[in-house]
Amino acid sequence: MTNHLAIIVDGNGRWAKEKGLKRSEGHKEGAKRLEEIILYLSDNSLVKYLSLYVFSTENFARPKEEVDYLMKLFMVWFKKVKNVYLDKNIKVLFSGDRTLLSPKIQKSIAELEDNTKNNTGLVVNFCLSYGSRREIVEASKKIIKDNIKLSDITEDLFSHYLYQDLPDIDFLIRTSGEMRLSNFMLWQSSYAELYFPKTYFPDFTIDELKKALEEYKLRDRRFGKVK
Ligand code: FPP
């Protein structure tokens, strides 16, 4: 079992463009793949934590029409999944700068987190309005505010001050062939195995996911040590 899997969702726009469709169609199709992936991982108990990069702080600079579309898609989705996740014992967390989101979205996020907080199955961490450097700076500020003694500041303590207290990422997938992290969970992915399939996210089916997880099994993880 992979403990913490992360996916940088990428290629929705290019998928749509190649088909002569609007970018929003790519996001809509991507949302379907995302739902399939979450339910597949949950139903088969394949991972304990799943982090998903669905909207970065930089993404706010996209055309207003696209940002509005995505925010609406998130809202509808968060309402829709509540009962399914309760039924499937899935717990939802959010990582990101919530203050940049509209009050309506903030409310739906808080509700979904609260409704699923006692669930003990798959933990889905949505990175939304997320930037890793910002997260690290915010954590540093909180540590200073809490008057933590210098000698008490350890890597472990620092982790507790991030948006969510999650274990390290084991396996990180970025779809669409781009080979970079783009400010995604830099602290948490220090020892992650990286995987960059060429597939655009709307084509990233369960079969593609299975292939990725097979690849992970073949990786030789040494964490800097000699085996
Ligand atoms: C990256 O593709 C995708 C996004 C910025 C949005 C991700 C959103 C979804 C999959 C929608 C559903 C999510 C939820 C939680 C309901 P891109 O637009 O950067 O593609 P491009 O690089 O080809 O332009």
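One is the number of the first residue; the rest follow in order along the sequence. Whatever order the structure lists them in is the order used to number ligands and atoms, beginning at 1. Please read all numbers here as calculations on a predicted model, not as lab measurements.
Residue contact check: Arg62 has heavy atoms under 4.0 Å from atoms 5 (C), 17 (P), 18 (O), 19 (O) of ligand 1. Atoms of ligand 1 found under 4.0 Å from any heavy atom of Arg14, numbered from 1 in the order shown, are 21 (P), 22 (O), 23 (O). Atoms of ligand 1 found under 4.0 Å from any heavy atom of Leu73, numbered from 1 in the order shown, are 11 (C), 12 (C).
The shell of residues lying under 4.0 angstrom from ligand 1, judged by heavy atoms, includes Phe74.
Comparing His27, Lys80, Lys72, Arg23 against atom 24 (O) of ligand 1, the shortest heavy-atom distance belongs to Arg23.
Counting heavy atoms closer than 4.0 Å to ligand 1, residue Leu34 contributes side-chain atoms (C-beta onward) but none from N, CA, C or O. At a heavy-atom cutoff of 4.0 Å, ligand 1 is contacted by no atom of Trp15, backbone or side chain. The proximity of Leu52 to ligand 1, defined as any non-hydrogen pair under 4.0 Å, does not occur for either the backbone or the side chain.
Looking only at protein heavy atoms, the nearest one to atom 7 (C) of ligand 1 is Val54 O, 3.4 Å. For atom 20 (O) of ligand 1, the closest non-hydrogen atom on the protein side is Gly13 N, 3.0 Å. Regarding atom 12 (C) of ligand 1, its nearest protein heavy-atom neighbour is Ala31 CB, 3.5 Å.
A side-chain donor-acceptor contact under 3.5 Å links Asn12 and His27. Side-chain contact annotation: Ser95 with Asn125, donor-acceptor N/O pair under 3.5 Å present. For the residue pair Arg14 / Ser176, a side-chain donor-acceptor distance below 3.5 Å is found, with atom types taken as modelled.
Closest approach of Tyr130 to Phe184, counting heavy atoms only: CE2-CA, 4.0 Å.
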Given the rule in the salt bridge (charged side-chain N to carboxylate O under 4.0 Å, His left out) test, do Glu214 and Lys211 qualify, once you have shown the distances and angles that lead to the verdict?
CA-CA 5 Å; Glu214 282 304 310; Lys211 231 167 58 184; over 6 Å; no
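Salt bridge status for Arg222 with Glu193: absent, with no side-chain N to carboxylate O gap under 4.0 Å.
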